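One structure is given below, encoded as structure tokens.
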Number of protein chains: 2
Amino acid sequence: MSLKYAILGLLNVAPMTGYDLKHQAFDATVRHFWPADQSQIYRTLSQLADSGWVSVTVEAQDDRPDRKIYAITDGGQQALMAWLTSDQAVPILRDPLLVQLFFGQEVPRVELLRVVGEQLAVHQARQAAFEQIPIPPLASRPDDRWLGLQHLTLDFGLALERAYVDWLQRCLEAVTALPDVDDAGDFRARFTAVSPED
Amino acid sequence: MSLKYAILGLLNVAPMTGYDLKHQAFDATVRHFWPADQSQIYRTLSQLADSGWVSVTVEAQDDRPDRKIYAITDGGQQALMAWLTSDQAVPILRDPLLVQLFFGQEVPRVELLRVVGEQLAVHQARQAAFEQIPIPPLASRPDDRWLGLQHLTLDFGLALERAYVDWLQRCLEAVTALPDVDDAGDFRARFTAVSPED
DNA sequence: GACATATATATGATAAATCATATATCAGAC
DNA sequence: GTCTGATATATGATTTATCATATATATGTC
């Protein structure tokens, strides 16, 4: 489970509370390629503490809940380094849109174009958001490993979104070129009254 | 949940047993973009039967377990069509490799190159596998919606794997260009004795 | 004769992610 | 005076996916 090691990686930079970890460190970095909500992060911190990979220092506060400051331990560092160099299974991207297209034979063209268009808009927005993340060019500090490696993860996000946008535009063209179903006019009346469960 | 609708989509072509669904229909098609094992498929079929979207006909057999033949119902077809035209959340690709790179600052170059190289080999193999799936050119049957739409899902798989291969090759170059950590020699001795949990 | 593979369905256990909700207070906006 | 947002942690419930295992027989392979 990568989240465990992502959190370990963040704590390897500096000790933090779960709150700061989530709202500063995590949301600015890891969230882009491994999203997780507050509850999952707190639970994962508990697990890490149980396995001795992080230590906890409680700092009492009168007005607010006590702060629990988490720090990586020696054991945690070893576990992190071992994991960082381990072979990981290659993930499969499960995209509901592929299911919708694969079984879309009886779906009227306008509906397909709408569904594909909505996805295209989201991917274009994501692409634009990635393009706005300011990363200084590596040429300025060619000796900076940190900069170089983190730049690669952003580069992946960009490449992925560009591939999506290209493909979705090809989808729009292809669907437009395809013949429509015979009873396209009836479709809304027949089916859109049914609300899918998700 | 897309698996439910993928199964509904397959049963919309022809009634089937869970066994045939898994070993013929599913593994030849949906598996490439939405993998699922036997137990999940049987459980999902039970759910679909409970909600009345598929019907079950039991065919007794002497030597082997009874065959349960699942067929889509009218309600199932309506649910399928409604879902096929619904807006779906855009998924986020969670790739452990991105976590490994992002936190790889202290990892020796050889280790990074090995990890990236392993991923590259898998993606190259996937790309080759996708390229071997025989799909007749759409030009031969421009009126075939089925062919056109299913071709788009394959096209996505190919585009994704090409983007991966390109990016991973850039990663190899970038990591090679980056300076190595100072204590690269010690790394194996220090850390690889620790076996990560996953 | 032993062992793997195909046919056929099912449950138990666990891990991971998501959503909702609970508690408590302070500061600042309107 | 009320409402929102920041600070701070935690649990419950549910869904989805994965892995292991159970049962039962026939056929073909080594």
Side-chain angles (χ1 to χ4, degrees), chain A residues 1-7 15-27 30-31 33-51 54 56-70 88-96 99 196-198, chain B residues 1-7 15-27 30-31 33-51 54 56-70 88-96 99 196-198:
Chain A
M1 186 266 233
S2 303
L3 180 62
K4 214 154 55 177
Y5 299 98
I7 288 176
M16 262 177 287
T17 64
Y19 189 87
D20 289 340
L21 183 69
K22 164 67 179 159
H23 296 279
Q24 268 113 57
F26 190 90
D27 283 353
V30 177
R31 203 207 63 194
F33 47 87
W34 204 284
D37 69 2
Q38 179 256 61
S39 66
Q40 208 187 345
I41 287 176
Y42 277 101
R43 267 192 261 252
T44 305
L45 281 170
S46 295
Q47 281 177 31
L48 288 171
D50 289 344
S51 62
V54 301
V56 194
T57 311
V58 179
E59 200 178 87
Q61 296 194 125
D62 292 335
D63 45 351
R64 293 177 195 162
D66 294 349
R67 290 161 57 90
K68 292 186 171 178
I69 297 154
Y70 292 90
Q88 293 298 310
V90 175
I92 284 180
L93 175 52
R94 286 175 155 97
D95 192 333
V99 180
E197 289 185 10
D198 61 283
Chain B
M1 183 269 232
S2 303
L3 180 62
K4 214 153 57 176
Y5 299 98
I7 288 176
M16 261 177 287
T17 64
Y19 189 86
D20 289 340
L21 184 68
K22 166 66 177 156
H23 295 280
Q24 267 112 59
F26 191 89
D27 283 353
V30 176
R31 204 208 61 194
F33 46 89
W34 205 285
D37 70 2
Q38 178 256 65
S39 66
Q40 208 188 346
I41 287 177
Y42 276 101
R43 268 193 260 251
T44 305
L45 281 170
S46 294
Q47 280 177 32
L48 289 171
D50 288 344
S51 62
V54 300
V56 195
T57 310
V58 179
E59 200 178 87
Q61 296 193 125
D62 291 334
D63 45 351
R64 291 176 196 164
D66 294 350
R67 290 159 59 90
K68 291 185 172 179
I69 297 154
Y70 292 90
Q88 292 298 309
V90 175
I92 285 181
L93 174 53
R94 286 174 155 99
D95 192 332
V99 180
E197 290 187 7
D198 60 280

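Here the structure is a predicted model, which is why all the values come from computation and not from measurement.
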(request) Return the set of residues passing ring pair (Phe, Tyr, Trp, His ring centres under 6.0 Å) with Phe33(A) (not counting sequence neighbours), or none when no residue passes. (result) Phe102(B)
(message) On a heavy-atom basis, which atom in Asp20(B) and which in Thr17(B) lie closest, and how many Å separate them?
(response) N-OG1, 3.0 Å
(request) Start with the C-alpha gap between Leu21(B) and Leu45(B), add the side-chain angles, then the distance that decides, and say whether side chain to side chain contact (heavy atoms under 4.5 Å, CB included) holds. (result) CA-CA 10 Å; Leu21(B) 184 68; Leu45(B) 281 170; 4.0 Å; yes
Please tabulate the protein-to-nucleotide N/O contacts below 3.5 Å involving nucleotides 3-5 of chain C, giving atom names and distances.
none

(message) Between P on dT16(D) and CD on Gln88(B), what's the gap in Å once rounded to a whole number?
(response) 12 Å
(message) For a quick check, with a 4.0 angstrom heavy-atom cut-off, what is the B/S/- contact string for nucleotides 9-15 of chain D, read 5' to 3'?
(response) BBBBB--
(request) Specify the separation, in whole Å, of atom CG of Asp95(B) and atom P of dA16(C). (result) 16 Å
(message) When you measure from the side-chain N and O atoms of Trp34(B) to the phosphate of dT16(D), is any distance below 4.0 Å, counting only OP1 and OP2?
(response) no
(message) Without decimals, in angstroms, what is the distance between Gln24(B) CD and dT7(C) C1'?
(response) 11 Å
(request) Just jot down the side-chain contact (heavy atoms from CB on, under 4.5 Å) partners of Phe26(A), sequence neighbours excluded, or say none. (result) Leu3(A), Leu10(A), Val30(A), Arg31(A), Ala36(A), Ile41(A)
(message) In this structure, how many angstroms lie between the C1' atom of dA17(D) and the CD1 atom of Ile41(B), rounded?
(response) 12 Å
(request) May I have the distance from Asp37(B) (atom CG) to dA15(C) (atom P), rounded to whole angstrom? (result) 17 Å
(message) Test of understanding: with side-chain hydrogen bond (donor to acceptor under 3.5 Å, both in side chains), list the residues that count as partners of Ser39(A), not counting sequence neighbours.
(response) Asp37(A)
(message) Whole angstroms only, please: what is the CG-C1' distance between Leu45(A) and dA8(D)?
(response) 13 Å
(message) Please find the pair of heavy atoms, one from Ala49(B) and one from Val54(B), that lie closest to each other, and give the distance.
(response) N-CG2, 3.5 Å
(message) Looking at dT18(D), I'd like to know if its phosphate oxygens (OP1 or OP2) sit under 4.0 Å from a side-chain N or O belonging to Arg94(A).
(response) yes
(request) Answer yes or no: is there a side-chain heavy-atom contact under 4.5 Å between Leu48(A) and Tyr70(A)? (result) no
(request) May I have the distance from Phe26(A) (atom CZ) to dA8(D) (atom P), rounded to whole angstrom? (result) 19 Å
(message) The criterion is side-chain hydrogen bond (donor to acceptor under 3.5 Å, both in side chains); which residues satisfy it with Lys22(B), sequence neighbours excluded?
(response) Asp27(B)
(request) Give a yes or no answer on whether the side chain of Tyr42(B) reaches the backbone of Tyr19(B) with a donor-acceptor pair at less than 3.5 Å. (result) yes
(request) Can you tell me the distance, in whole Å, between the CD1 atom of Ile92(B) and the P atom of dT18(C)? (result) 8 Å
